[in-house]
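What follows is a single structure, written as structure tokens, with notes after it.
Residue numbers start from 1 in every chain, and the chains themselves are labelled A, B, ... in the order their sequence lines are given, proteins ahead of strands. For the numbers below, each heavy atom of this structure counts, side chains included, while hydrogens, waters and symmetry mates do not.
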2 protein chains.
Amino acid sequence: MPKIVDHESRKIRIAEATWEVIVEDGLEHATVRKIAKKARLSVGSLRNTFPTQSDLLQYSMQLVSERVRKRIESKRYDGAPLDAVLALFSEFLPADDERKIEMEVWFVFSAKTLTDPKLKTLFKKVYHDMHGLFREVLLKLKSAGCLKENFDLEIEATRLHTLIDGLGIHYLLYPEKMTHEKMMNALQFHLQSICKS
Amino acid sequence: MPKIVDHESRKIRIAEATWEVIVEDGLEHATVRKIAKKARLSVGSLRNTFPTQSDLLQYSMQLVSERVRKRIESKRYDGAPLDAVLALFSEFLPADDERKIEMEVWFVFSAKTLTDPKLKTLFKKVYHDMHGLFREVLLKLKSAGCLKENFDLEIEATRLHTLIDGLGIHYLLYPEKMTHEKMMNALQFHLQSICKS
DNA sequence: ATTTTTTTAGCACAACTGTATTAAAAAAAG
DNA sequence: CTTTTTTTAATACAGTTGTGCTAAAAAAAT
């Protein structure tokens, strides 16, 4: 009977190899041959799990979006003190290598969605979840009476969301200008600026 | 004697054609044949002004950075009221088509710098100028006594910079979520939040 | 050991790429 | 018109790409 292979974990392994190639050489050099080599597979074997390159890239992007969304879902706010909120939000900054790779791949694919509308659906979902989390946490802070009076939920969610995305992007693009410490300082200061006391 | 041609304006025309191709089809499809067609030139003629594709892309990116930097330099703050500051900062949001194209090309090239270190110099310069402008304007506001007491120049420059970049990127990536009005509201609110009264 | 399926390696092909070369056409200045 | 240079158009070539195909090797279950 057939040789059994765990297709799911293989797909994941290939997708992660794809990420590595993208981070090292860029999306335009993420060829099937390079990816196969990185995943230590033959091109034929890779083609067996992903018939076309388009399938491969689509899955790779989907996996990033799933990872990010799981990160979001696992981080529901439970009413802990302000330090916990800071810790929660800082989870969306590219602090460790894993998140840095994810965000870098995410960034590269983002640029691609500008000319490849097929990919936009995944991105919209992640944006929606992310924005929803920020709204939810802010709303709970508001309910707990932690926030200042002139509070506009939509504007604050937007400010928080763009601040975090902006910090992360600056960290990726200008690592000699934007440090991890600066990101945390800016985030902490921002939180304090909308809170009472 | 020779047919005279304005090489400088031709280079600009080609670079702008390159931008169009990048915006329409993406950087990886910005081939010399397509760019020549878009600029209504022959490939040979294009190769006469730009010997290699690398030269072409490098100049195209340099032109974007020059345009952005000129925009920055022309926008020195002269001590006008707060509305003027808002108007000044809003110049760096992708409001009209010209700035939207510039920012989109800028964004695409940004993603490329992650794997192509040669391009980083230009980007650092623009970052530096932009950050410097924000610092300068904030400092003048501070000197004029417009700002609140707990004011940290570096953190506020970072917050402002990342907010504006974040807003613009969200506008490019999620046009159905981020509108021009929302960008302006967020920016105005942010300014007010650091100002007295 | 036999059977069944997957995996592998290699080759091949057409399409597209950047780049080079060439000769003809066009244009500007004398 | 003649001369000089640029522009054009066509062709060519080598490299890389995605993809398809085939035969051998490997692996798992009977």
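Rounded to whole Å, the distance from CG on B/D25 to C1' on C/dT17 is 15 Å. In this structure, B/Q53 atom CD and C/dT19 atom P are separated by 6 Å, rounded to whole Å. For the pair A/H29 NE2 and D/dG15 P, the interatomic distance rounds to 17 Å; values are reported in whole Å. Distance B/L56 CG to C/dT19 C1': 14 Å, rounded to the nearest Å. The CZ atom of A/R13 sits 11 Å away from the P atom of C/dT7 (whole-angstrom rounding). Atom pair A/D55:CG and D/dG20:C1' shows a separation of 15 Å (rounding to whole Å applied).
Remark: B/D25 pairs with B/K34 by the salt bridge (Lys or Arg N to Asp or Glu O under 4.0 Å) rule, at least two apart or across chains. In this structure B/N185 satisfies the side chain to side chain contact (heavy atoms under 4.5 Å, CB included) test together with A/I155, B/E181, sequence neighbours excluded. In this structure, the side chain to side chain contact (heavy atoms under 4.5 Å, CB included) partners of A/K182, at least two apart in sequence or on a different chain, are A/M178, A/T179, B/E154, B/T158. Under the rule for a salt bridge (Lys or Arg N to Asp or Glu O under 4.0 Å), the partners of A/E20 that lie at least two apart in sequence or sit in another chain are A/K38. Take B/F89 and apply the ring-ring contact (aromatic ring centres under 6.0 Å, His included) test, not counting sequence neighbours, and it matches B/F134.
Between B/S54 and A/T49, the one whose closest nucleotide on DNA chain C sits nearer the 5' end is A/T49.
A heavy-atom distance below 4.0 Å to DNA chain C is reached by these residues of residues 32-48 of chain A, ordered by number: A/R33, A/L41, A/S42, A/G44, A/S45, A/N48.
Between A/E149 and A/K196 there is a salt bridge, since a side-chain N of the basic residue sits under 4.0 Å from a carboxylate O of the acidic one.
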